[in-house]
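Whatever order the structure lists them in is the order used to number ligands and atoms, beginning at 1. As a basis for the values below, the full set of heavy atoms in this structure was taken, side chains included, without hydrogen atoms, waters or symmetry mates.
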Amino acid sequence: MLTSLPTLARWSRAIAALAGLTLLAGCDYNFWRMDGHQSTIVVDGPVARDQLHVFYVTCWVTLVIFILVGGVLAYATVKFKARSEADEHAEPPPQGHGNPLVELGLIGGSVLALVVIAIPTLNAIWTTHDVPEAQRANAYEITATGYQWWFRFEYASEQASVDANIKMPLVTGNELVIPAGRPVRIHLRTVDVIHSLWVPKLAGKVDMIPNRANFLWLQADKPGYFWGQCAEYCGDSHAVMRFRVIALGPREFNDWLDQQLQTARTVAPAPDSNRARPQFAALRSFRQNETGITAKFDVNPLEAWREKQAPEKDEDPALVAQGRALFSSKACITCHTVRGHVGAGISGPDLTHFGSRTMLAAGLLENNREQLRRWIKDPGAVKPGNKMAKGYVDNKIVISTEEEVALAAYLESLK
Ligand code: HEC
Ligand SMILES: [Cu+2]
């Protein structure tokens with residue numbers, strides 16, 4: 001009884017720890033499948049797969065070392081333990097000066113273990129560093145810029161309309177839409193401190209460093225919706241500096257581009273207004289740069305995102321117009337751009353097609369009416385220390401409930 005109590009306590013502690021871990025991990029995914037939104041074990045692209053491969057090789061090699069060393073230790077512990085009172089006070093056994101065979105074996109074994117790890121590691125360093133030579137011409141280029149605490153994505157090769165005469169590179173925020181099945185090279189920049197771009201299921205992570213031009217590449221095997229995260233501590237809201245990656249088949253990607261390149265949508269009361277256009281009106285032809293895509297894409301978990309592309313069913317043109325006016329009068333335009341409408345601020349995310357995004361506040365809140373109103377009312381209460389909240393304080397911006405509803409309606413209409 002006396003000896004079994006500590007044993008019991010040890011076991012319960014172990015079981016409690018395991019249960020706690022499972023519970024904790026069980027919050028948003030199945031612990032045993034390890035298939036969370038940000039899993040690096042269940043991956044969806046070649047770069048993440050290479051990285052996972054290195055991880056596995058290292059794990060197996062270290063597991064073998066652990067078993068060998070642990071086995072020898074356990075053997076020696078049992079074999080040479082003191083078995084009687086007399087043993088405990090006995091002289092130590094004669095001490096040897098090493099066994100050349102064992103020592104050479106250990107050196108050889110260690111070198112072998114390192115070589116086994118080095119081969120896939122070197123291989124992965126080459127393949128993950130840049131798009132493989134053969135596919136380089138097919139790579140799609142995007143620039144990602146880190147801001148405290150959100151991401152800006154610029155598609156330099158896509159010229160978006162500002163008005164009838166002026167064009168500028170397409171800019172979006174917090175949702176990175178990429179072509180699936182095609183390498184994407186992401187240039188990494190920051191406007192303030194060091195951030196790091198990480199999409200665990202696709203690739204990661206590479207730092208965005210001031211005054212340094214870094215880049216990474218990634219590729220999604222097939223269309224999908226992926227979770228990303230800033231992976232370098234960057235201040236108050238670092239933990240909620242998130243983003244999403246939406247990978248689309250070639251046609252859908254082109255449709256998305258066509259939509260994004262247009263100026264902001266205007267909800268006009270007149271039924272014949274051609275500006276009140278639905279998203280993805282038609283399947284357009286492939287762009288010339290869509291080479292090398294032959295796979296048939298089987299699209300599945302993107303429905304929520306797709307729904308967001310269509311105008312809201314209960315749109316109220318009068319309310320939207322009121323919100324649009326407030327967007328100027330409440331100084332939102334000083335930090336935000338809505339191409340085609342008023343506003344050319346660049347210190348906050350581009351909102352030209354904000355209504356077509358699934359998330360807001362850099363992947364923190366779902367982009368629906370309720371959350372949007374919450375955010376507009378008091379961004380500081382939602383996301384600690386963020387720059388928009390500071391702007392509200394500095395500019396003494398106060399939003400009434402009525403204004404909040406109208407602003408939300410306007411932002412929602414920006415498909
Ligand atoms: C001082 C500059 C500033 C002002 C003024 C400002 N914003 Fe922002 N806004 C930001 C910044 C910065 C962010 C990103 C915050 C974050 O996620 O950390 C943001 C984020 C947002 C977002 C979420 C965008 C996304 O993709 O996540 C919305 C919507 C928004 N602002 C609407 C408004 C509205 C409406 C007003 C006017 C009432 C306004 N903002 C005024 C700077 C500003
Ligand atoms: Cu960051």
Side-chain angles (χ1 to χ4, degrees), residues 144-153 171-177 188-198 205-210 228-244 308 320 322-338 341-369 371-380 382-400 403-414:
T145 308
Y147 286 68
Q148 283 174 319
W149 290 271
W150 59 281
F151 291 95
R152 171 184 190 268
F153 301 111
V171 172
T172 68
N174 299 322
E175 288 196 354
L176 174 61
V177 179
L188 304 167
R189 302 287 186 271
T190 172
V191 296
D192 38 51
V193 299
I194 302 178
H195 301 277
S196 178
L197 193 93
W198 188 27
K205 22 177 131 148
V206 176
D207 279 5
M208 305 164 128
I209 301 173
Q229 167 80 48
C230 173
E232 179 73 49
Y233 178 70
C234 57
D236 296 28
S237 275
H238 159 70
V240 285
M241 179 168 169
R242 304 174 193 165
F243 63 106
R244 300 290 193 271
K308 276 305 230 193
V320 171
Q322 193 191 333
R324 184 171 168 177
L326 283 166
F327 196 74
S328 307
S329 62
K330 289 289 170 180
C332 315
I333 51 170
T334 52
C335 301
H336 294 288
T337 297
V338 179
H341 295 182
V342 68
I346 53 165
S347 61
D350 184 293
L351 299 179
T352 310
H353 297 282
F354 171 77
S356 67
R357 307 209 277 257
T358 51
M359 303 300 294
L360 85 104
L364 174 61
L365 303 175
E366 195 181 323
N367 185 9
N368 59 37
R369 202 160 294 172
Q371 302 297 344
L372 188 52
R373 283 182 51 182
R374 222 179 120 202
W375 173 255
I376 295 168
K377 176 98 199 159
D378 189 358
V382 177
K383 190 167 179 177
N386 82 79
K387 301 282 164 89
M388 176 157 147
K390 188 173 179 301
Y392 270 35
V393 175
D394 290 351
N395 298 301
K396 302 193 174 58
I397 300 175
V398 180
I399 310 277
S400 72
E403 292 165 340
E404 176 191 310
V405 171
L407 278 166
Y410 170 59
L411 290 168
E412 263 184 342
S413 79
L414 299 174

Please report the C-alpha distance between Tyr233 and His195 in whole Å, then the side-chain angles of each, then the deciding distance to 0.1 Å, and finally whether the ring-ring contact (aromatic ring centres under 6.0 Å, His included) criterion is met. CA-CA 7 Å; Tyr233 178 70; His195 301 277; over 10 Å; no
Before you tell me yes or no, could you show the steps for His238 and Cys230 under side-chain contact (heavy atoms from CB on, under 4.5 Å), namely the whole-Å CA-CA distance, both residues' side-chain angles and the distance that decides it to 0.1 Å? CA-CA 7 Å; His238 159 70; Cys230 173; 3.7 Å; yes
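Contacts between Leu364 and ligand 1 below 4.0 angstrom, taking non-hydrogen atoms only, are absent altogether. Neither the backbone nor the side chain of Tyr147 has a heavy atom within less than 4.0 Å of ligand 1. Under 4.0 angstrom from ligand 1, there are no non-hydrogen atoms of Lys390.
Considering every non-hydrogen atom in both Gln229 and Met241, the closest pair reads NE2-O, 3.6 Å. For the residue pair Val240 and Lys383, the shortest heavy atom distance occurs at O-NZ, 3.3 Å. Scanning both residues, Cys234 and Ile194, for their nearest heavy atoms gives CB-O, 3.7 Å. Of all heavy-atom pairs between Gly323 and Leu407, the closest is O-CD2, 3.5 Å. What you find for Thr190 and Pro210 is that their closest heavy atoms are CG2-N, 3.2 Å. Between Asp236 and Trp149, the shortest heavy-atom contact is N-CZ2, 3.4 Å.
The distance cut-off of 2.8 Å around atom 8 (Fe) of ligand 1 captures these protein N, O or S atoms, sorted by chain and number: His336 NE2, Met388 SD. Less than 2.8 Å away from the Cu ion (ligand 2), the protein contributes these N/O/S atoms: His195 ND1, Cys230 SG, Cys234 SG, Met241 SD.
With values rounded to the nearest 0.5 angstrom, Thr334 atom OG1 is found 6.5 Å from Ile397 atom CD1.
In this structure, the ring-ring contact (aromatic ring centres under 6.0 Å, His included) partners of Trp150, at least two apart in sequence or on a different chain, are Tyr147. In this view, Gln371 and Leu360, Leu365, Asn368, Arg374 satisfy the side-chain contact (heavy atoms from CB on, under 4.5 Å) rule, not counting sequence neighbours.
Residue Lys387 approaches ligand 1 through these ligand atoms, each under 4.0 Å from one of its heavy atoms: 1 (C), 12 (C). Atoms of ligand 1 lying under 4.0 Å from at least one heavy atom of Ser347, given by number and element, are 12 (C). Remark: ligand 1 atoms within the under-4.0 Å shell around heavy atoms of Ile399 are 38 (C). Every atom of ligand 1 with a heavy atom of Ala331 under 4.0 Å away is listed here by number and element: 5 (C). For ligand 1, the atoms sitting less than 4.0 Å from at least one non-hydrogen atom of Leu360 are 27 (O), numbered in the order shown with element in parentheses. Those atoms of ligand 1 that come under 4.0 Å of a heavy atom in Ala362, given as number and element, are 17 (O), 27 (O).
At the top of the distance list for atom 26 (O) of ligand 1, counting protein heavy atoms only, stands Arg357 NH2, 2.8 Å. Scanning the protein heavy atoms around atom 29 (C) of ligand 1, the nearest turns out to be Phe354 CZ, 3.6 Å. The nearest heavy-atom contact from the protein to atom 17 (O) of ligand 1 is Lys383 NZ, 2.9 Å. Distance from atom 27 (O) of ligand 1 to its nearest protein heavy atom, with residue and atom name: Ala361 N, 2.6 Å.
No side-chain N or O of Ser237 forms a donor-acceptor pair with one of Asn386 less than 3.5 Å apart. A donor-acceptor pair shorter than 3.5 Å cannot be found between the side chains of Glu366 and Thr358.
For the side chain to side chain donor-acceptor pair (under 3.5 Å) with Tyr410, the lone residue among Arg324, Gln322, His341 that qualifies is His341. Put simply, the residue from Glu175, Arg242, Arg244, Met208 that forms a side-chain contact (heavy atoms from CB on, under 4.5 Å) with Phe151 is Met208.
At least one N/O-N/O distance between Asn174 and ligand 1 falls below 3.5 Å.
Under the 4.0 Å criterion applied to side-chain N and carboxylate O atoms, Arg373 and Glu404 are assigned as salt-bridge partners.
Evaluated by nearest non-hydrogen atom to atom 21 (C) of ligand 1, the leading choice among Tyr410, Tyr392, Trp375, Phe243 is Trp375.
Although no hydrogens or angles enter the test, the distance criterion places no donor-acceptor pair under 3.5 Å between the side chain of His336 and the main chain of Ile346.
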